[in-house]
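Naming convention: chains lettered A, B, ... in sequence-line order (proteins, then strands); numbering from 1 in each chain.
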Protein chains: 2
Amino acid sequence: MRYPKLFEHITALAPLPASEWLKAETLAREQALDKRALFLRPGDAADRFGLVLQGVFRAVRVSARGEESIKAFRAEGEFIGAYAEMLQGQPSMTAIEALEPGRVLAFQANDLQSLETGHPCWAQLARRVAERHYLLKERREQEFLDLSAEERLERFWQEHPHLHGRVPQRDVAAYLGITEVALSRIVSRRRKRAE
Amino acid sequence: MRYPKLFEHITALAPLPASEWLKAETLAREQALDKRALFLRPGDAADRFGLVLQGVFRAVRVSARGEESIKAFRAEGEFIGAYAEMLQGQPSMTAIEALEPGRVLAFQANDLQSLETGHPCWAQLARRVAERHYLLKERREQEFLDLSAEERLERFWQEHPHLHGRVPQRDVAAYLGITEVALSRIVSRRRKRAE
DNA sequence: AGGCCGCCTTAACCTGGGTTAAGCCCAGGT
DNA sequence: ACCTGGGCTTAACCCAGGTTAAGGCGGCCT
């Protein structure tokens, strides 16, 4: 087994025989990415995804008017890919970009088809992955409905302490749905209040 | 088969043998709800869900400070239930309320366990349901990130034309994440511009 | 009919975040 | 050591939306 740590991450989601994981490893390909390099670019077919071995990535949606907003940050052990577009068989409208030099274990979505027909554990995993993605988005929805930008910021750091120092402030702003100017204001407001 | 129309709705999500659907029907119980009646109330165990036969429902989250925000509207053929809490085995933090007199086909989540072990189509359906819920929330996230309240309103009516005249304006506001006062302003602004 | 209630509107005022633009700080490159 | 550029901060001004409060308009009940 070449990636025991990832195997642990995965089995925490759904039980998976080691033998099946070994099969998956043979389908995967390790990929190194420089800082700022794109794992996926908008327009690409959304037929591949990766598991982060090393580094932090951001999923960016570039809107029609050219503004970018950030859908998620992903670090070690997490999935990267244009999940929504993959489910719908559409080309990616999302860029996945490395914020630091990183390494990814990359899969071709089609290759997993064969695993899935071979053993039911993969369907189970796919379900868990969908459910987990849902829960994350649900939480985010609630934050937008009930919280101010300042409260969202506070909660962001509570929930993503491991990102501290690894993501630029402007990206945090784009994740919260505000501008970097507004975020800077909020931060200095909090600094003053803390004295 | 007592509910052929629901069967169609469901098979559009994932193929399902009619024989399996018949088994499910025996587990279900029809329930009538008056206007304003709650299918689920906060604090209830989130172990039941329903399929809407008739009526429009709203899923309401009541925050700690007593403000209510609306997570979704659900009409004929759609699922109602505290899906997130069910996945996590938590009590419901959501109320599901009838906006009109309605009828629901209600299931006990545990009862489906037996169906699931009997035929793989149910696991497949569960996966599709999770994926669909995810896609809905993803779309909503994007709207909060990229659109103004006015644009969100416009898109709301594009995507939910069947709700026209069936949901009070204050609830639309709570769905969009603004107050009813702000929504009223937006509507009258648009009215003026349209002349 | 009269009165009440639920829902929507309007207005006045306040605040948080957007926009634009200038400046600062620091790391990297030459 | 100097420049450069990227990322952050600050300030001034504007506008969307929140808050509070006062009606308005049906529909429904007795």
Side-chain angles (χ1 to χ4, degrees), chain A residues 34-37 56 58 60 62-70 73 97-101 143-157 163-195, chain B residues 34-38 56 58 60 63-70 73 97-101 143-157 163-195:
Chain A
D34 295 332
K35 181 171 176 171
R36 311 246 90 197
V56 176
R58 57 174 199 167
V60 187
V62 181
S63 79
R65 319 176 191 54
E67 301 138 9
E68 44 180 58
S69 56
I70 294 197
F73 297 104
E97 182 183 336
L99 291 176
E100 332 168 331
E143 290 170 5
F144 278 114
L145 282 171
D146 301 344
L147 304 181
S148 67
E150 179 162 356
E151 292 167 312
R152 294 206 298 282
L153 173 65
E154 190 157 355
R155 190 155 317 176
F156 176 80
W157 287 122
L163 294 180
H164 217 93
R166 300 178 80 182
V167 318
Q169 192 152 307
R170 87 147 66 86
D171 286 336
V172 176
Y175 179 84
L176 297 176
I178 60 180
T179 61
E180 65 174 330
V181 180
L183 178 52
S184 178
R185 255 191 312 236
I186 290 171
V187 170
S188 75
R189 200 156 62 209
R190 287 165 61 79
R191 226 189 344 249
K192 258 168 215 147
R193 233 176 306 158
E195 285 161 10
Chain B
D34 295 332
K35 181 170 175 172
R36 313 244 89 196
L38 299 178
V56 176
R58 57 174 199 166
V60 187
S63 80
R65 317 174 193 56
E67 301 137 10
E68 45 180 58
S69 56
I70 295 198
F73 297 104
E97 181 184 337
L99 291 176
E100 333 168 331
E143 291 171 5
F144 277 114
L145 283 171
D146 300 346
L147 303 181
S148 67
E150 179 161 357
E151 293 167 311
R152 294 207 298 281
L153 173 65
E154 191 158 354
R155 189 157 314 178
F156 176 80
W157 287 122
L163 294 180
H164 217 93
R166 301 178 79 182
V167 318
Q169 192 151 305
R170 88 148 67 86
D171 286 337
V172 176
Y175 179 84
L176 297 177
I178 60 180
T179 61
E180 65 176 330
V181 180
L183 179 51
S184 178
R185 256 191 312 238
I186 291 172
V187 169
S188 75
R189 199 156 64 207
R190 287 165 61 80
R191 227 189 344 251
K192 258 168 213 145
R193 233 176 307 157
E195 285 161 9

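- Contact record, A:Arg190 with A:Leu153: CD-CD2, 4.3 Å, taken as the closest heavy-atom pair.
- As rounded to whole Å, 15 Å separates atom C1' of C:dG17 from atom CD of A:Glu151.
- The minimum heavy-atom distance between B:Val60 and B:Glu68, with the atom names listed, is CG1-CB, 3.5 Å.
- Distances were taken from every side-chain heavy atom of A:Ala149 (C-beta onward) to each of C:dT9, C:dC8, C:dG17; the shortest belongs to C:dG17.
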Check: residues 172-187 of chain B side-chain donor-acceptor pairs under 3.5 Å, at least two apart:
| residue | atom | partner | partner atom | Å |
| --- | --- | --- | --- | --- |
| B:Thr179 | OG1 | B:Ala182 | N | 3.2 |

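- Among all heavy-atom pairs drawn from B:Phe144 and A:Leu145, the shortest one is CZ-CD2, 3.7 Å.
- Every residue meeting the side-chain hydrogen bond (donor to acceptor under 3.5 Å, both in side chains) condition with B:Arg189, not counting sequence neighbours, appears here in chain and number order: B:Glu150.
- Computed from coordinates, the A:Arg185 CZ to C:dG18 P distance equals 7 Å when rounded to whole Å.
- The side-chain hydrogen bond (donor to acceptor under 3.5 Å, both in side chains) search around A:Glu143 returns none, not counting sequence neighbours.
- For B:Ile186 and C:dT10, the CD1 to C1' distance is 15 Å, given to the nearest whole Å.
- No contact: B:Val187 has no heavy atom under 4.0 Å from any strand.
- When the side-chain hydrogen bond (donor to acceptor under 3.5 Å, both in side chains) test is applied to A:Glu97, the partners found at least two apart in sequence or on another chain are A:Arg36, A:Arg58.
- In this structure, A:Trp157 and A:Leu163 approach most closely via the heavy-atom pair CZ3-C, 3.9 Å.
- On the nucleic acid side, DNA chain D has its first and last nucleotide under 4.0 Å of a heavy atom of chain A at D:dG7 to D:dA12, going 5' to 3'.
- Applying the side-chain hydrogen bond (donor to acceptor under 3.5 Å, both in side chains) criterion to A:Glu151, with sequence neighbours excluded, gives A:Ser148, B:Arg65.
- B:Leu147 has its CG atom 16 Å from the C1' atom of C:dG18, to the nearest Å.
- Atom CZ in B:Phe144 sits roughly 15 Å away from atom P in C:dG17 (whole-Å rounding).
- Five base pairs at each end of the helix from C:dA1-D:dT30 to C:dT30-D:dA1 define two local axes, and these are offset by 30° (rounded to 10°).
- Within residues 170-180 of chain B, the residues approached by DNA chain C to less than 4.0 Å at the level of any non-hydrogen atom are B:Arg170, in residue-number order.
- At a cut-off of 3.5 angstrom, counting only N and O atoms as typed in the model, there is no donor on one side facing an acceptor on the other between the side-chain of A:Arg189 and the base of C:dG16.
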